[in-house]
Amino acid sequence: MRITSLAELQAAVRGAPRVVARGAGTKPALATPPDGVLVLDLRGLSGVLEYEPGEFTFSALAGTRVSEVESLLAENGQYLPFDPLLVERGATLGGTLAAGLSGPGRYRFGGLRDFILAVRYIDGEGALVRGGGKVVKNAAGFDLPKLMVGSLGQFGVLYELTFKVFPRPDAHVTVRAVLPTLAEALAGLLRVYAAPLDVDALDLWPAPDGSGCELWVRLGGPETVLPARAERMTALIGAGETMSGPGEAEAWRALCELAWVPDGWGLVKTPLAPGRLLALNRELPPEALRRYCAGGNLAWIALPDPRALDSTLTALSLAGLIVLGAPGRPRMGVHPGVPFEQRIKAALDPHRKFPDFNPVA
Amino acid sequence: MLPALARLYPPERLLAQPGQLAAYESDGLTAYRARPAAVVIPATQAEVIETVRLCHQHRMPFVARGSGTSLSGGSLPIHDGLLIALNRLNRVVRLDPIQRLVVVEPGVINLDVSKAAAPHGLYYAPDPSSQQVCTIGGNIAFNSGGAHCLKYGMTSNHVLALKVVLADGEIVELGGESAESVGPDLVGLFVGSEGLFGVALEITLRLLARPEKFETVLAAYHSLAAAGEAVAQVVASGLLPGAMEIMDRLAIQAAEAAVHANYPAGTEALLIVELDGEAQQVAAEFHQLRGVIEASGAFEVHVARDAADRARIWKGRKSAFSAVGRLSPDFIVQDGVVPRSRLGAALAEIERLSARYGIRVANVFHAGDGNLHPLILFDGREPGALERAEQLAGEILTLCIRLGGSITGEHGVGMEKRDYLPRMFAETDVDAMHRLRLAMDPLLIANPGKMFPGGEAPALRHVGLHPLEKAGVIERE
Ligand SMILES: Cc1cc2nc3c(=O)[nH]c(=O)nc-3n(C[C@H](O)[C@H](O)[C@H](O)COP(=O)(O)OP(=O)(O)OC[C@H]3O[C@@H](n4cnc5c(N)ncnc54)[C@H](O)[C@@H]3O)c2cc1C
């Protein structure tokens, strides 16, 4: 059902026993409900409502394409530093927030959770509920906006979102070093992690055939000093070449579009800590492609059947989210917060109108 | 319930005599006070858990308390309830310099986290002015901020994981060691819940590498409006300073009297802008910043010469609240936020209100994020003075809401601003929050009477200095 106004949205939620919200459908694993559940297509709820560059904030309807927002911000020298994913494929703001997906840029200033300021959503009774505030700092009331990050729509249908934005660096360069093994690349990553250097993104990319590993370090800032900073970074790592210009931007853009995931394969997001990286890597099936992002805080794992990872993640006490793949239970592995989450679900969606993505239900 | 507590705690950690309780009757908002039935001082997490379970069993309202520096009455005891003082739970459980994280108990002092991390070149970014006294537990409850929020975010942006005993005794683990998560952001919901969900027992914090270089610029202006305009220009130039703070004449006077910060004489408004980061980057940005500041009409610009000079500049700013105590026997600190572009309008209106009420208002604020801190000066010995000051404070809150901002940027709603929550939020919004609260605390025993309107407010009464300060237990520097 195509929704084009707040009133329609409220009526639709009130009128159906179970609903699922969908933006552009770039993550079908998360937005395809079982039979009998009404899909609310939110692409008609689109548009930037407020944007004053001097405030570092904007508000937009949930169905607004991230690409539209990014161009508007770019005209004013600003950006969303967490590098939203699947922007060119049409991802919407609401879908991005609900899926909780941040890209490589989340390394420096934080992810979605650190940039969402306010939400308005429709609860199970069709009421419009607001949380947060449209200013860059606010401590009034419970932090509902953060709760919506990664909630997969289980507490309500997002209607309007307010984000904080930052000034975009003048330019970027990336130091790319190819190291003989993942362990050596990780050691390089940890040196960068510990250094007092301003790094925008810090990724590891093991070669599919196990023949080596690339370390990508992205630096942003005033163009005049970037070459010197890149040189310093190369010295710190002990290897590397500098990428710059359109090629550099394109390399990261392709990454954010998940262009490296083979057609038809699944993709799993797994929160990680750098100290757990080698243990996870060892347990992954050999054919799996992997990209370790945000200084080893995040693994993206591509493989033909993503569900096959469930037992591996469970054994390692890690959690996973199937971002690309067949619909079903997208959350795998271990989720210690579930008892707390179930209380929230019962409080905010007592009639279970919204999808229940509870991993242990 | 007291006998059950007496079995759990030795006498020196179970206080029930009036003389022992006096020190805990107030928090940083000394206008309110209430006497609890007892204070317990647990030394282990297990004792906290057992205590919360007893409270649940006996329907005994409780308040968790860190250092009691809340400026919104958040840690004010419940009359005849239990106060759980967490200062003994102050262990740094684990510091992992390689993964840049630290696990602490809630009673650990904010600054002690950075001290523990310092040998590894790391620090804990959120830096409330009270950081030498306030605890991580209190910071979590209020999502506390500091001067460096614009670039680095509030407390919430630095919390990775929490172990919590909910108000009904269940223990939950939220988050993990990763900066990323899947599933709803449960840590994000707990942070800022003002002690209404339960007690945080163990907190995993993210540490950052200490910036290689700082450039701290002090610019003096002949008017508050000019300083505000300079902030707008810095923002428009595309710079992202670590901090941008403004102090007005009255606040400067107070800071000078207290810590002799040597700010330029004859200043109406002082702007502090700090850049931090990688040396080469900061050098390039500093060049740009100088250009902006020099064109902004400052009559004097001073750049911190070295670390000691930088510390002196910040000492003046961070001591401003307590320093105002030298200008006036009593004051209330407000914490409203306005959109940055409305700062000028808000300050002009506060000036008008100050004149209308005949009450002096000093201003120190986080200009970078529009977070005002008007300090409303009054003498509590004058009959009706506190009530008038509170009325003025209320008008400022209403102003912030009208300008599209918030009633609190970092001090929390607490007891003080609970009647304003429903002015900022609609009924359905407050209802959703209340349902969440009930889900964590079905008996409404965790810090009842705070954040949400209604309930029995304790008598409003002026009591002067914080009792713990009088007793020499805490001080504000
Ligand atoms: C001089 C001065 C300057 C200040 N400057 C700033 C500033 O720059 N920025 C800022 O944000 N604030 C500032 N504050 C306010 C205050 O310091 C902060 O709110 C601080 O976080 C409170 O910490 P505390 O340990 O004193 O907490 P308390 O006052 O003891 O408690 C605060 C709240 O936290 C709850 N709580 C405490 N521990 C726990 C726990 N373990 N689990 C759950 N709930 C808990 C309490 O119930 C209460 O609701 C300032 C205060 C003063 C007096």
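Chain A is the first sequence line, chain B the second, and so forth, proteins listed ahead of strands; every chain is numbered from 1. As a basis for the values below, the full set of heavy atoms in this structure was taken, side chains included, without hydrogen atoms, waters or symmetry mates.
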- Under a 4.5 Å heavy-atom cut-off, does chain A meet the side chain of B/M424, its backbone, both or neither? both

- When the 4.5 angstrom heavy-atom criterion is applied to B/H120 and chain A, the contacting part is neither

- Task: Give, as side chain, backbone, both or neither, the part of B/E427 having an atom under 4.5 angstrom from any heavy atom of chain A.
- Result: neither

- The interface call for A/D123 against chain B, heavy-atom contacts under 4.5 Å, is side chain

- Relative to chain B, which segment of A/R120 carries a heavy atom at a distance below 4.5 Å: side chain, backbone, both, or neither? neither

- Residue-level contacts of residues 166-173 of chain A with chain B, using a heavy-atom cutoff under 4.5 Å: A/F166, A/P167

- Item | Donor-acceptor side-chain pairing of B/N139 and B/T155 below 3.5 angstrom | no

- Counting only heavy atoms closer than 4.5 Å, note whether A/L272 contacts chain B via side chain, backbone, both or neither. backbone

- Does any heavy atom of chain B fall under 4.5 Å from the side chain of A/A346, the backbone, both, or neither of them? neither

- Please determine, by modelled atom types, if B/N371 and B/D335 share a side-chain donor-acceptor pair under 3.5 angstrom. yes

- Pick from A/G77, A/G132, A/A294: which one has the most heavy-atom pairs with chain B under 4.5 Å? A/G132

- A/P330 versus chain B, heavy atoms under 4.5 Å apart: side chain, backbone, both or neither? neither

- Query: Measuring heavy-atom distances to chain A, does B/K213 have an atom under 4.5 Å in its side chain, in its backbone, in both, or in neither?
  - Reply: neither

- Message: Counting only non-hydrogen atoms closer than 4.5 Å, does B/D369 touch chain A with its backbone (N, CA, C, O), its side chain (CB onward), both, or neither?
- Response: both

- Task: Mark yes or no for whether B/S178, through its side chain, and A/N297, through its backbone, hold a donor-acceptor pair below 3.5 Å.
- Result: yes

- Message: Is A/F109 in contact with chain B via its backbone, its side chain, both, or neither, using a 4.5 Å heavy-atom distance?
- Response: side chain

- Task: Could you look at A/L226 and say if it's the side chain, the backbone, both or neither that has a heavy atom under 4.5 Å from chain B?
- Result: neither

- Message: What residues of residues 159-167 of chain B make heavy-atom contacts with chain A at a cutoff under 4.5 angstrom?
- Response: B/V159, B/L166

- Query: Do A/D114 and B/Y152 get their side chains close enough for a donor-acceptor pair, meaning under 3.5 Å?
  - Reply: no

- The interface call for A/A195 against chain B, heavy-atom contacts under 4.5 Å, is backbone

- Task: Identify which part of B/M451 has an atom lying under 4.5 Å from any heavy atom of chain A, answering side chain, backbone, both or neither.
- Result: side chain

- Message: Under a 3.5 Å cutoff, is there a donor and acceptor pairing between the side chains of B/Q334 and B/E416?
- Response: yes

